[in-house]
*Asks:* 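After the structure tokens below, expect a handful of questions from me.
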Amino acid sequence: MSAAVEEHGLTAIDMVLGLGDPQKVGRFRFYSHGQRWEWSDAVARMHGYEPGEVEPTTELLLQHKHPEDRERVVAILDHVLTGRPFSSRHRIVDSKGHTRCVVVVGDRMVDDDGRLIGTSGFYVDVTESLHSDITDVLSAVADARARIEQAKGVLMAAYGITAERAFEILVWRSQEMNLKVRELAGRFLDAVAGAGSHETRSHVDQALLTLE
């Protein structure tokens, strides 16, 4: 490990994060003297710029913060300016108007004599993983809703009741069994599917084939 660090000039953060896609992880430095910022190429691209296209400043940094997150980031900047450790998850809006979700982590930066000279840290673009999480949640919600609707349909057909009444029955049984409605609906459908008789299927076949 130490040989790799020495040979490639890698820091501890780089070793932890790995040497993966440079678009997803990037470094920044803030120097207290002169209030000067440095962005790695990846951080520049996260903000919608080609490397070297702009000189990062505190003003530019704030311009790219999502309006709903800007006030919170302003408070975090106080940590940057004073060299205190911080971490933040917030949104930025790049130069093309695309919103990205980033995790930013920083810590004090010192010189060879241990004197505080600024803050250094890294950005992690978590936009894709966030979208993936949201997609997974929406998919799970859609699946749960579909199973509940199916269970309601079975009860409506069996008892000749309304959709509202069928849902009330599912809620009642879920409370009795201390289960979420979606789980109760899934168990109910599995039980009904396994208990269907030949006679039941014949009635369904007849009804389906004689519809006019």
*Asks:* Below 4.5 Å, heavy atoms only, C-beta onward: do Thr119 and Arg108 meet side chain to side chain?
*Replies:*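 Of all side-chain heavy-atom pairs linking Arg108 with Thr119, none is under 4.5 Å.
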
*Asks:* Is the shortest distance from a Lys or Arg side-chain nitrogen in Arg173 or Glu176 to a carboxylate oxygen in the other one below 4.0 Å?
*Replies:*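 Glu176 and Arg173: salt-bridged.
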
*Asks:* Identify each donor-acceptor pair in which a side-chain atom of residues 148-163 lies under 3.5 Å from a protein atom, sequence neighbours left out, and give them as a table.
*Replies:*
residue: Glu149; atom: OE2; partner: Lys152; partner atom: NZ; Å: 3.2
residue: Thr162; atom: OG1; partner: Arg165; partner atom: N; Å: 3.1

*Asks:* Let me know which of Val43, Val104, Val105, Val102 forms a side-chain contact (heavy atoms from CB on, under 4.5 Å) with Phe122.
*Replies:*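 Of Val43, Val104, Val105, Val102, side-chain contact (heavy atoms from CB on, under 4.5 Å) with Phe122 is met by Val105 alone.
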
*Asks:* For Arg70 and Lys65, which heavy atoms make the closest approach, and how far apart are they?
*Replies:*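 That closest heavy-atom pairing would be NH2-O, 2.9 Å.
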
*Asks:* Give me the atom names and distance for the closest heavy-atom approach of Gly48 to Ser95.
*Replies:*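 Where Gly48 meets Ser95 most closely, the heavy atoms are O-OG, 2.7 Å.
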
*Asks:* How many angstroms lie between atom CG of Leu60 and atom NE2 of His64, to the nearest 0.5 angstrom?
*Replies:*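 Those atoms lie 4.5 Å apart.
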
*Asks:* How many angstroms lie between CZ in Arg29 and CD1 in Ile117, if you round to the nearest 0.5 Å?
*Replies:*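 Between Arg29 CZ and Ile117 CD1, I get 9.0 Å after rounding to 0.5 Å.
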
*Asks:* On a heavy-atom basis, which atom in Ser120 and which in Met109 lie closest, and how many Å separate them?
*Replies:*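 Closest approach of Ser120 to Met109, heavy atoms only: CB-SD, 3.8 Å.
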
*Asks:* Please evaluate residues Trp39 and Phe28 with respect to the criterion ring pair (Phe, Tyr, Trp, His ring centres under 6.0 Å), reporting the C-alpha separation (whole Å), side-chain torsions for both, the decisive distance (0.1 Å), and the verdict.
*Replies:* CA-CA 5 Å; Trp39 282 351; Phe28 77 90; 9.3 Å; no

*Asks:* Nearest heavy-atom pair of Gly26 and Met46: which atoms, and what distance?
*Replies:*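 Closest heavy-atom pair between Gly26 and Met46: N-CE, 3.9 Å.
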
*Asks:* Are Tyr123 and Ile76 connected into the same hydrophobic cluster when the rule is that any two of I, L, V, M, F, W, Y join if their side-chain heavy atoms are below 4.5 Å apart?
*Replies:*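 Cluster IDs for Ile76 and Tyr123 match.
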
*Asks:* Just by distance, no angles: are the side chains of Thr57 and Trp37 close enough, under 3.5 Å, to form a donor-acceptor pair?
*Replies:*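 No pair is found: no donor N or O on one side chain lies under 3.5 Å from an acceptor on the other.
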
*Asks:* Are Tyr31 and Leu61 connected in the hydrophobic side-chain network, where two residues link if heavy atoms are under 4.5 Å apart?
*Replies:*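 Result: no, two separate clusters.
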
*Asks:* Tell me, yes or no, whether the heavy-atom count around Asn178 atom CG, taken from other residues, nucleotides or ligands under 6.0 Å, exceeds 12.
*Replies:*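 No - once you tally the heavy atoms of other residues, nucleotides and ligands closer than 6.0 Å, there are 12 at most.
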
*Asks:* Using a strict threshold of under 4.0 Å (side-chain N to carboxylate O), is an ion pair present between Asp78 and Arg84?
*Replies:*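 Looking at Arg84 and Asp78, the cut-off is met.
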
*Asks:* Under a 4.5 Å cut-off applied to non-hydrogen side-chain atoms, are Val171 and Val181 in contact?
*Replies:*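 Side chain of Val171 against side chain of Val181, heavy atoms only: contact under 4.5 Å found.
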
*Asks:* Tell me every residue that passes side-chain hydrogen bond (donor to acceptor under 3.5 Å, both in side chains) with Ser88, counting only those two or more places apart in sequence or in another chain.
*Replies:*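 Result, side-chain hydrogen bond (donor to acceptor under 3.5 Å, both in side chains) vs Ser88: His90.
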
*Asks:* Go through the structure and list residues passing salt bridge (Lys or Arg N to Asp or Glu O under 4.0 Å) with Arg91, not counting sequence neighbours.
*Replies:*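 In terms of salt bridge (Lys or Arg N to Asp or Glu O under 4.0 Å), with neighbours along the sequence ignored, Arg91 is linked to Glu68, Asp69.
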
*Asks:* Can you find a pair of side-chain heavy atoms, one from Gln35 and one from Phe30, that are under 4.5 Å apart?
*Replies:*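 Sidechains of Phe30 and Gln35: in contact.
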
*Asks:* Could you give the distance from CH2 (Trp172) to CE (Met177), rounded to the nearest 0.5 Å?
*Replies:*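 Trp172 atom CH2 to Met177 atom CE measures 11.0 Å (nearest 0.5 Å).
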
*Asks:* May I have the step-by-step check of side-chain contact (heavy atoms from CB on, under 4.5 Å) for Val93 and His98, ending in yes or no?
*Replies:* CA-CA 5 Å; Val93 181; His98 301 141; over 6 Å; no

*Asks:* Salt bridge between Asp113 and Arg115, side-chain N to carboxylate O under 4.0 Å?
*Replies:*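 So Asp113 pairs with Arg115 through a salt bridge.
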
*Asks:* Using a 3.5 Å distance criterion without hydrogens, assess whether the side chain of Thr127 forms a donor-acceptor pair with backbone atoms of Arg100.
*Replies:*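 No; zero donor-acceptor contacts below 3.5 Å.
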
*Asks:* What's the separation between atom CG in Leu77 and atom CG in Leu62, rounded to the nearest 0.5 Å?
*Replies:*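 If we round to the nearest 0.5 Å, Leu77:CG and Leu62:CG are 5.0 Å apart.
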
*Asks:* Check for a donor-acceptor pair, side chain of Arg89 on one end and backbone N or O of Cys101 on the other, with a separation under 3.5 Å.
*Replies:*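 Pair absent, no side-chain N/O of Arg89 close to backbone of Cys101.
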
*Asks:* Could you measure the distance from the CG atom of Leu184 to the CD atom of Gln175? Nearest 0.5 Å is fine.
*Replies:*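 So the gap between those two atoms works out to 10.0 Å.
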
*Asks:* Rounded to the nearest 0.5 Å, what's the gap from CZ on Arg187 to CZ on Arg182? Could you check?
*Replies:*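 Rounded to the nearest 0.5 Å, the CZ-CZ separation comes to 12.5 Å.
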
